[in-house]
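Notes follow once the structure below has been shown.
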Number of protein chains: 2
Amino acid sequence: MNLSASATDQSRVFVVDDDASIRASLDSLLRSVGHKVETYGSALEFLQHQRQDDAACLVLDVRLPGISGLDFQAQLQALNIDLPIIFMTGHGDIPMTVRAMKAGAVDFLSKPFRDQDMLDAVAAAIERDRKRRREADAVADLRGLHAALTPREREVMVHVTAGLMNKQIAHLMGLSEITVKIHRGNMMRKMEAGSVADLVRMAEALGVEGPQA
Amino acid sequence: MNLSASATDQSRVFVVDDDASIRASLDSLLRSVGHKVETYGSALEFLQHQRQDDAACLVLDVRLPGISGLDFQAQLQALNIDLPIIFMTGHGDIPMTVRAMKAGAVDFLSKPFRDQDMLDAVAAAIERDRKRRREADAVADLRGLHAALTPREREVMVHVTAGLMNKQIAHLMGLSEITVKIHRGNMMRKMEAGSVADLVRMAEALGVEGPQA
DNA sequence: AACCAACCTATACTTCGGTTTAGGGCCGTG
DNA sequence: CACGGCCCTAAACCGAAGTATAGGTTGGTT
């Protein structure tokens, strides 16, 4: 389903800052350690460009033309764009920092910052994205399998992962036991689950379990 | 094993600040909304007192006599005291805030702060601790059951949660299948697992699984 | 009308899981 | 030394799971 090794092993850093000289210096700094870099002067500009399928992160000035970096962070979440963010600020305050960190920012750097601090933050952010990607890919594959189930198969899956016997499932669903066995067998095959133990883990990753005991 | 309903439903707030007037005003504020409050003038003083079995949190000035609040946070982690922390600061900076938040602080408030901000932060912190406690209690119970297993039973448990058949387990362990069945039956009874599905979830909570496929 | 996917059922059979009963051995504590 | 806990095995049995074969019904599509 997802045999492609996530396109590349590249790391891509998006820099959004209205100050061209900052953009240039960050571009050079980040390239020097092997990152691909794309720089933008505004949030809108960033949004209008395509994003590749790389592990990536976003380096953001909190003060952007038109929109605050914090609001932009919220907007990205609403758009379901889940990119680790590193904030930079010239004159940030503590409430701002707390809000950004609570909302999941990787780091919050005061300008001027040491190059190494930025590089460390970017490395941590990329690593976080890489991990999120791996997990998201795995879950996406599972969703594909799960989507191919018929309604009855899905229903049986829930009951199996709840630890019920075929007999009990049959009773709950108003079916004969043999029918449950058929659905169950088809479901296990479609989900590519080699055992109930496998299936339980898949169900947890998918969040398709009945309320826990 | 852990039938006691976690002692109380009380919420307890520990306030550590070297300024007595701050302690007094926080004490009054927090009591007014129903929290139990204990105040201390230093980190050491706090450590020397017993902690009850309540859902609790810690309100901490970053600047304490003898030790920085940040270092104290690290020290508590090292001591395995996992208490949600709310920092207060008179003249904090951004790196300090970032470090505290990265280390898991619930909030970081600049003095002077609005009463409501403190109350909100404390409520969030207590709720976080309550949740952590519930989970820790559940895992502690499981650990108790798991500790009562014999080495062989533990070994069988790992293989069962890996989805192996008795036959395969027997082969791996150099046993006859019947012996595996005995260990397995004893293990399921001791773990109070009604099904393999249950057992898998327990094993995940315990972290006693073989490396995932 | 023909088709197909999903659904349901039954018979028959195999394999797997699990328990009971009934042994055997090793080792450390009382 | 005797007892108990842990370990191993066997025969016999039962119930649960899983598969194959062989049907049947709907309901929507071509």
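The chains referred to below are lettered A, B, ... by the order of the sequence lines, with proteins before strands, and numbering in each begins at 1.
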Just by distance, with hydrogens left out, do A/Gln75 and A/Asp71 show a side-chain donor and acceptor under 3.5 Å apart? no
Could you identify which residues of residues 162-177 of chain A place a heavy atom less than 4.0 Å from some atom of DNA chain C, listed by residue number, or say none? A/Leu175, A/Ser176
side-chain hydrogen bond (donor to acceptor under 3.5 Å, both in side chains) partners of A/His35, counting only residues at least two apart: A/Ser11
Less than 4.5 Å apart, any side-chain heavy atom of A/Val122 and any of A/Cys57? yes
For B/Asp27, check side-chain contact (heavy atoms from CB on, under 4.5 Å) against everything at least two apart and list the hits. B/Arg31, B/Val37, B/Thr39
Distance, rounded to the nearest Å, where B/Met187 contributes CE and D/dC6 contributes P: 15 Å
Give me each pair satisfying side-chain hydrogen bond (donor to acceptor under 3.5 Å, both in side chains) with a member in residues 76-86 of chain A, each pair once, sequence neighbours excluded. none
Which residue pairs pass the side-chain hydrogen bond (donor to acceptor under 3.5 Å, both in side chains) test with at least one member in residues 164-180 of chain B, sequence neighbours excluded? B/Asn166-B/Arg184, B/Ser176-B/Thr179
Taking the side chain as every heavy atom from C-beta outward, state whether A/Met173 and A/Val156 have any pair of such atoms under 4.5 Å apart. yes
One would report the end-axis bend of the helix from C/dA1-D/dT30 to C/dG30-D/dC1, five pairs per end and rounded to 10 degrees, as 20°
With a non-hydrogen cut-off below 4.0 angstrom, is B/Thr179 in contact with a base, only sugar-phosphate, or nothing? base
What residues, two or more places apart in sequence or in another chain, satisfy side-chain contact (heavy atoms from CB on, under 4.5 Å) together with A/Thr89? A/Val62, A/Phe108, A/Ser110, B/Ile94
Here the distance between atom C1' of D/dC7 and atom CG of B/Leu149, to the nearest Å, is 15 Å
Would you tabulate the nitrogen or oxygen pairs shorter than 3.5 Å linking the protein to nucleotides 25-30 of chain D?
none

Here the ring pair (Phe, Tyr, Trp, His ring centres under 6.0 Å) pairs for residues 38-65 of chain A, sequence neighbours left out, are A/Phe14-A/Phe46, A/Tyr40-A/Phe46, A/Tyr40-A/His49
For DNA chain D, whose closest nucleotide is more 5', that of B/His183 or that of A/Lys181? B/His183
5'-most contact on DNA chain C: A/Ile182 or A/Lys190, nearest heavy atom basis? A/Lys190
I want to check one thing: is the phosphate of D/dG18, taken as OP1 and OP2, less than 4.0 Å away from some side-chain N or O of A/Arg184? yes
Using the side chain to side chain donor-acceptor pair (under 3.5 Å) rule, pick out the option among B/Asp129, B/Asp54, B/Asp53 that qualifies with B/Arg12. B/Asp54
With sequence neighbours left out, which residue pairs that include part of residues 149-163 of chain B fulfil the salt bridge (Lys or Arg N to Asp or Glu O under 4.0 Å) condition? B/Arg152-B/Glu155, B/Glu153-B/Lys190
Short side-chain to backbone donor-acceptor contact, B/Arg130 and B/Ala55, under 3.5 Å: no
First and last nucleotide of DNA chain C in contact with chain A, 5' to 3', at under 4.0 Å to a heavy atom: what are they? C/dA6 to C/dT11
Inter- and intrachain pairs under side-chain hydrogen bond (donor to acceptor under 3.5 Å, both in side chains), touching residues 56-68 of chain A, at least two apart: A/Asp61-A/Lys111
